[in-house]
Amino acid sequence: LHAYNTLIAGYGQEGRVEDARKLFDQIPCHSDCGKESNQRFERNVVSWNSMIMCYVKAGNIVAARELFDQMRERDTFSWNTILSGYVHISDMEEASSLFREMPNPDTLSWNMMVSGFAQMGSLELACDFFDRMPQKNLVSWNSMIAGYEKNEDHKGAAKLFSQMLVEGQKPDRHTLSSILTVSTGLVDLHLGMQIHQLVTKTVTPDVPINNSLVTMYARCGGITEARTIFDEMKMQK
RNA sequence: CUUCUUAC
């Protein structure tokens, strides 16, 4: 059964929804004739969740929702999965009401609400959720920073970033590449160089990160440094 | 075994 679930999820990654569905339909639903307990081979929550995930990834919220409504046992994963479906099509109306109906929203749910609102330009709302979050994690910060960035509030993003450091969160590659884009937008070479320092200490060199670094230096008047990084990139291959 | 965030 684990094998089935893994395969369904795997098809999901590749967008092969109907193959996933075929497998899903092959797993017995719930044994109809009461006596026999074939609990051993039955669709479980994970099978449902994986299948819903496939539909969500395919952009087929309607189908995902149908499955969701049919489930008799929903866990936090199920809720978060459809929630993310609505967030990705920017249907924050639906997302909000789901969020309100959720029995026990966890950090992931909050994160999705934050990034959803931020992504559609409702920075106010995003901030609101962000501030009210019971506990924030790295992803929460990253989503919020990305939101500022998307709305071209580069100063806001930079401010949030320093606040993040003050609160003792360590940035990861997501944070750093967002904030690099921000320094590029601000044409702030000084900030960019500070980030560069952090990059070399915290994350393993990475093509996307290096690209952001090169872009940042090039735009902020550090052509020499840009060139250096560029050359280092070639060495690594 | 399944769910959240970046850039180009």
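Residue numbering restarts at 1 for every chain, and letters A, B, ... go by the order of the sequence lines.
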Sequence neighbours excluded, the answer for side chain to side chain contact (heavy atoms under 4.5 Å, CB included) partners of A:Pro208 is A:Asp206
Residues 73-83 of chain A vs side chain to side chain donor-acceptor pair (under 3.5 Å), sequence neighbours excluded, gives A:Asn49-A:Asp75, A:Asn49-A:Ser78, A:Asp75-A:Ser78, A:Asn80-A:Asp106, A:Asn80-A:Ser109
Once base and sugar-phosphate atoms are separated, protein heavy atoms under 4.0 Å mark nucleotides 3-8 of chain B, 5' to 3', with B, S and - as BBBBB-
Sequence neighbours excluded, the answer for salt bridge (charged side-chain N to carboxylate O under 4.0 Å, His left out) partners of A:Glu94 is A:Arg65
Contacts satisfying side chain to side chain donor-acceptor pair (under 3.5 Å) that involve residues 112-131 of chain A (not counting sequence neighbours) are A:Asp128-A:Arg132
From NZ of A:Lys57 across to P of B:U2 the rounded distance in Å is 12 Å
Contacts of A:His2 meeting side chain to side chain contact (heavy atoms under 4.5 Å, CB included) (sequence neighbours excluded), chain-then-number -> none
